[in-house]
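For reference, the structure discussed in these notes is given below.
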Amino acid sequence: DTDRSRGLGDVYKRQKIMKATVLLAGAWLMQGCGLDNYDEPEAQFSGRVTYQGEPLQLRHGSIKFDLEQDSYELGDKIEVAIAQEGTFAARIFPGEYRFVPRPGNGPWIDDCQPVEFTIKGGKQLDFEVVPYYLLRNSNITLSGNTLNGVCSVKSIAGGKAIEAMTLFVGKTRFVDDRGGRSVVTSNFEQPAEGVNNISVNIKEIVDKYPVLYARIGLKIHGVDERIYTEIVKIK
């Protein structure tokens, strides 16, 4: 009987603790809902990172800009990530902003100046940069089990050496040098300005995956981010 009484007592204690926890959680949620009861941002801010009006091909989500607003009482920045096609989009409140590049965060010369703008209903912005190099006239094709890639390297800003040029193959539309996004990588031999070619046997992944995508990326010495070609579906 004593053991049974102790057992029942423990059950009652646990029930009281659970009820108290639920009440506290409910009070916290009600308070949180009250604090977060603001209108949603309705202004659509979008655009592209470009060179002479052409959007650059980049690593998805790796390059980021900041939206700054002096009038905002907390002075926080809004982070804007750039998609692999060089595009970006964010919903913000109407007002005056600065679109600010992060130093050293891109395959272009690091002298970009912030762009100030006013937004009401919507704003489209092309942010111009000067890349060190561009990849032109790329062509990636699969012939049987052999993947062939050709691409021209064009110097734009110059001043930095080419470190590597790589053919990336992935099973989704997100293909780049980030771990897990590529199932095969193959480096060009002695990449240089002008036309570069590569051929690689990818029988193992051709047999394994029903769909494959590919693109070429150029690594510049001393620069973390690569410049890429457009992604193409090879299978």
Closest heavy-atom pair and its distance - [X], [Y]:
{"X": "Ile63", "Y": "Gly106", "result": "CD1-CA, 3.9 Å"}
{"X": "Pro94", "Y": "Ala43", "result": "N-CB, 4.3 Å"}
{"X": "Ile231", "Y": "Val175", "result": "CD1-N, 3.9 Å"}
{"X": "Asn137", "Y": "Ser152", "result": "ND2-OG, 4.2 Å"}
{"X": "Ile109", "Y": "Ala157", "result": "CG2-CB, 3.4 Å"}
{"X": "Leu125", "Y": "Phe88", "result": "O-CZ, 3.6 Å"}

Reported [atom1]-to-[atom2] distance for the pair [X] and [Y], which is rounded to 0.5 angstrom:
{"X": "Phe168", "Y": "Tyr228", "atom1": "CZ", "atom2": "OH", "value": "4.5 Å"}
{"X": "Leu56", "Y": "Glu85", "atom1": "CG", "atom2": "CD", "value": "12.0 Å"}
{"X": "Ser46", "Y": "Arg91", "atom1": "OG", "atom2": "CZ", "value": "10.0 Å"}
{"X": "Gln84", "Y": "His60", "atom1": "CD", "atom2": "NE2", "value": "6.0 Å"}
{"X": "Lys219", "Y": "His221", "atom1": "NZ", "atom2": "NE2", "value": "8.0 Å"}

Taking [Y]'s backbone N and O only, do any of them form a donor-acceptor pair with [X]'s side chain (distance below 3.5 Å, no angle check)?
{"X": "Asp224", "Y": "Gly222", "value": "no"}
{"X": "Ser182", "Y": "Val184", "value": "no"}
{"X": "Arg215", "Y": "Thr229", "value": "yes"}
{"X": "Tyr133", "Y": "Lys160", "value": "yes"}
{"X": "Asn105", "Y": "Pro101", "value": "no"}
{"X": "Arg181", "Y": "Lys171", "value": "no"}
{"X": "Asp176", "Y": "Arg178", "value": "yes"}

With hydrophobic residues grouped by side-chain heavy-atom distances under 4.5 Å, do [X] and [Y] end up in a single group?
{"X": "Val80", "Y": "Val115", "result": "yes"}
{"X": "Leu135", "Y": "Val130", "result": "yes"}
{"X": "Trp108", "Y": "Leu134", "result": "yes"}
{"X": "Ile234", "Y": "Leu167", "result": "yes"}
{"X": "Val232", "Y": "Val150", "result": "no"}

How about [X] and [Y]: do any of their side-chain heavy atoms sit closer than 4.5 Å?
{"X": "Gln69", "Y": "Phe93", "result": "no"}
{"X": "Tyr97", "Y": "Ile92", "result": "yes"}
{"X": "Tyr209", "Y": "Val183", "result": "yes"}
{"X": "Leu212", "Y": "Lys233", "result": "no"}
{"X": "Thr166", "Y": "Ile216", "result": "no"}
{"X": "Phe65", "Y": "Arg98", "result": "no"}
{"X": "Ile227", "Y": "Leu58", "result": "yes"}
{"X": "Ile140", "Y": "Asn148", "result": "no"}

Would you check if there is a donor-acceptor pair between the side chains of Asp126 and Thr50 at a distance under 3.5 Å?
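There is no such pair (donor and acceptor under 3.5 Å, judged by atom type) between the side chains of Thr50 and Asp126.
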Flag if over 12 foreign heavy atoms under 6.0 Å of [atom1], [X]:
{"X": "Gln124", "atom1": "CD", "result": "yes"}
{"X": "Glu230", "atom1": "CD", "result": "no"}
{"X": "Lys235", "atom1": "NZ", "result": "yes"}

For the pair [X] and [Y], find out whether any cationic side-chain nitrogen is under 4.0 Å from an anionic carboxylate oxygen.
{"X": "Arg136", "Y": "Glu54", "answer": "yes"}
{"X": "Arg59", "Y": "Asp177", "answer": "yes"}
{"X": "Glu128", "Y": "Arg48", "answer": "no"}

>> I need the single residue from Ile198, Ile202, Asn201 that forms a side-chain contact (heavy atoms from CB on, under 4.5 Å) with Ser186. Which is it?
In response: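 Among Ile198, Ile202, Asn201, the one meeting side-chain contact (heavy atoms from CB on, under 4.5 Å) with Ser186 is Ile198.
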Worksheet item: Checking side chain to side chain contact (heavy atoms under 4.5 Å, CB included) for the pair Cys112/Phe127: CA distance, chi angles, key distance, verdict?
Response: CA-CA 9 Å; Cys112 304; Phe127 190 90; 3.8 Å; yes
Might you work through the side chain to side chain contact (heavy atoms under 4.5 Å, CB included) test for Val153 and Met165, ending with a clear yes or no? CA-CA 10 Å; Val153 178; Met165 189 173 178; 3.8 Å; yes
- Task: Start with the C-alpha gap between Leu218 and Ile162, add the side-chain angles, then the distance that decides, and say whether side chain to side chain contact (heavy atoms under 4.5 Å, CB included) holds.
- Result: CA-CA 7 Å; Leu218 183 73; Ile162 296 171; 3.6 Å; yes
Query raised in the report: Parallel, tilted or perpendicular for Phe45 and Phe99, by the 30°/60° rule?
Result: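 Judged by the thresholds at 30° and 60°, the geometry between Phe45 and Phe99 is perpendicular.
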Practice item. Tell me, with the steps shown, if Lys64 and Ile82 meet side chain to side chain contact (heavy atoms under 4.5 Å, CB included). Key: CA-CA 6 Å; Lys64 297 177 175 66; Ile82 312 302; over 6 Å; no
